[in-house]
Q: 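One structure coming up, written as structure tokens, with questions to follow.
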Amino acid sequence: MDIIPFNRPSLAGSELDYIRDAVEGGHTSASGPFTKRAAEILRAALGAQEAILTTSCTDALEMAAMLLDIGEGDTVIVPSFTFVSTALAFARQGAQIRFADIEPTTLGMCPNSVESLLDGSVRAVVPVHYAGVGCDLAGLAAVLAGRDGIDVVEDNAHGLFGAIDDRPLGSFGRFSTLSFHETKNFICGEGGALIVNRPDDVARAHVLRDKGTDRYSFLLGDVDKYTWQDTGSSFGMSDVLAAYLFGQLEQREAILAKRRALFERYERLLAPHAERLGFRLPVVPPGSSSAYHMFYVLMADVKVRDRVLAGMHEVGVRATFHYVPLHSSPGGQRFSDVVSPCPVTDDVSSRLLRLPFFNDLSEADADRVAATFLEVAEGV
Ligand SMILES: *Cc1c(COP(=O)(O)O)cnc(C)c1O
């Protein structure tokens, strides 16, 4: 039986040549020549003040938490329907976490739910652009308007090169973060980036990346020796991985075009059967452009979803579920000071099914995925 995996990393251009160049060039630690080139693509694309490559998106979120001096007594609001890191990066700084529900259209954080969780202890709100579609940032801005001291950090692990009204996802918050983990759109094994959108945060971000030292100013020739200045950690990406990432980012148009074509193919094949079989496909609101991170289907209920997943696995098609809600997880309860129900999260999490989705999935395999899905869904 031929297995179609859920995800398979692939090369898009000159990654291997660049990795060799990085090793032979002798600068394999952080802040090397490929780091500079990859970061500049990101900085320019997002119109940011600075893009800092990190060892992961989790680390970039930790840097954001440190840059905001989040600590004990502070509260951070995150969606319940997200990856653990969105919450963990702030919890480990000592913050209490409150979990907002998502809204049913984009599956992004619901502004009304955020509003119900606001009080004087809230220091940051961390929206996620699920599947690469922008969440309701205008709604969020309206809810936060007139409240001082609350910063937005976009966890943009899914949304690189997506936009709302032509404004890039990741350019709205004071900070945003990216992931280049092997399951994401652009990859280097493990990696991430912190996007800095305010000029007065840039210098300190470099210090935190460099173990709390002013090494970056030293390398620029701004100081004549470098020394310990602040908190921080070893957050910088190796230039070997930055070389891999640069090879991917150079091919961003081609990668996005492939993902878009695959998304539209699934949509075309499945949409005619949605009503009859009781499922719904992803919605991209008017004005939004998707980063095409994934293709999900919302099934009628949890029983149907689980049976379809099992049926597809039996014939070698590796569809999967997604986030287990954080608000009811042991970690979520440990780090949260209030119990907040998230009914939409619970419902969506139980019904959501993701189809295999990766850059090099062939048209024939995509057709087999769609046909298998329909056949199994028809039978349950
Ligand atoms: C993948 C992901 C992360 C974590 O990314 P790493 O680079 O693996 O740390 C964080 N948030 C979201 C929404 C993700 O999808």
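Owing to the predicted nature of the structure, the values given are computational and were not obtained by experimental measurement. Counting starts at 1 for both ligands and their atoms, following the listed order.
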Q: I want to know if ligand 1 touches H181 in the polar sense, i.e. an N/O pair below 3.5 angstrom.
A: no

Q: I'd like to know if the side chain of T58 pairs up with that of S85 as donor and acceptor (distance under 3.5 Å, no hydrogens or angles considered).
A: yes

Q: Could you pull out, from A193, G159, G189, S179, the option with a heavy atom nearest to atom 7 (O) of ligand 1?
A: S179

Q: For a quick test of reading the model, state the closest non-hydrogen atom pair linking F99 to S340 and the distance between them.
A: O-OG, 3.2 Å

Q: Where is the nearest protein heavy atom to atom 9 (O) of ligand 1: which residue, which atom, and how far?
A: T58 OG1, 2.5 Å

Q: I'd like to check which ligand 1 atoms, numbered from 1 as shown, lie under 4.0 Å from a non-hydrogen atom of A157.
A: 2 (C), 11 (N), 12 (C), 13 (C), 14 (C), 15 (O)

Q: Taking a cutoff of less than 4.0 Å between a non-hydrogen atom of the residue and any ligand atom, is G191 in contact with ligand 1?
A: yes

Q: Is a side-chain donor-acceptor pair under 3.5 Å present for T28 with D239?
A: no

Q: Could you list which atoms of ligand 1 come closer than 4.0 Å to a heavy atom of C57?
A: 4 (C), 5 (O), 6 (P), 7 (O), 9 (O), 10 (C)

Q: Can you tell me which portion of Y130 lies within the under-4.0 Å heavy-atom range of ligand 1? Options are side chain, backbone, both, or neither.
A: neither

Q: Please answer whether the main-chain N or O of E182 pairs with a side-chain N or O of N7 as donor and acceptor at a distance below 3.5 Å.
A: yes

Q: Does either side chain, that of Y130 or that of H293, offer a donor lying less than 3.5 Å from an acceptor on the other one?
A: no

Q: Should E190 be counted as touching ligand 1, given the test is an N or O pair under 3.5 Å?
A: no

Q: Note the single closest protein heavy atom to atom 3 (C) of ligand 1, along with its residue, its atom name and the distance in Å.
A: F83 CD2, 3.7 Å

Q: Could you find the nearest protein heavy atom to atom 2 (C) of ligand 1 and give me its residue, atom name and distance?
A: K184 NZ, 3.0 Å

Q: Measure up the Y323 and F83 rings against each other and bin them: parallel (under 30°), tilted (30 to 60°), perpendicular (over 60°).
A: tilted

Q: Go through the side-chain N and O atoms of E50 and H206 and say whether any donor and acceptor fall under 3.5 Å apart.
A: yes

Q: Against ligand 1, does F81 come closer than 4.0 Å with any heavy atom?
A: no

Q: Taking only heavy atoms of Y323, which atoms of ligand 1 are found under 4.0 Å from at least one of them?
A: 13 (C), 14 (C), 15 (O)

Q: If you count the atoms of ligand 1 from 1 in the order shown, which ones are under 4.0 Å from a heavy atom of T82?
A: 13 (C)

Q: Less than 4.5 Å apart, side chain to side chain, heavy atoms only: is that true for Y296 and F357?
A: no

Q: Is it the case that ligand 1 has an N or O less than 3.5 angstrom from some N or O of D155?
A: yes

Q: H158 versus ligand 1: do any nitrogen or oxygen atoms come within less than 3.5 Å of each other?
A: yes

Q: So, regarding F180 and ligand 1 (criterion: nitrogen or oxygen to nitrogen or oxygen, under 3.5 Å), is there a contact or not?
A: no

Q: Give me the atom names and distance for the closest heavy-atom approach of A38 to L249.
A: O-CD1, 3.8 Å

Q: Can you confirm whether L61 sits close enough to C57 that some side-chain heavy atom of one is under 4.5 Å from a side-chain heavy atom of the other?
A: yes

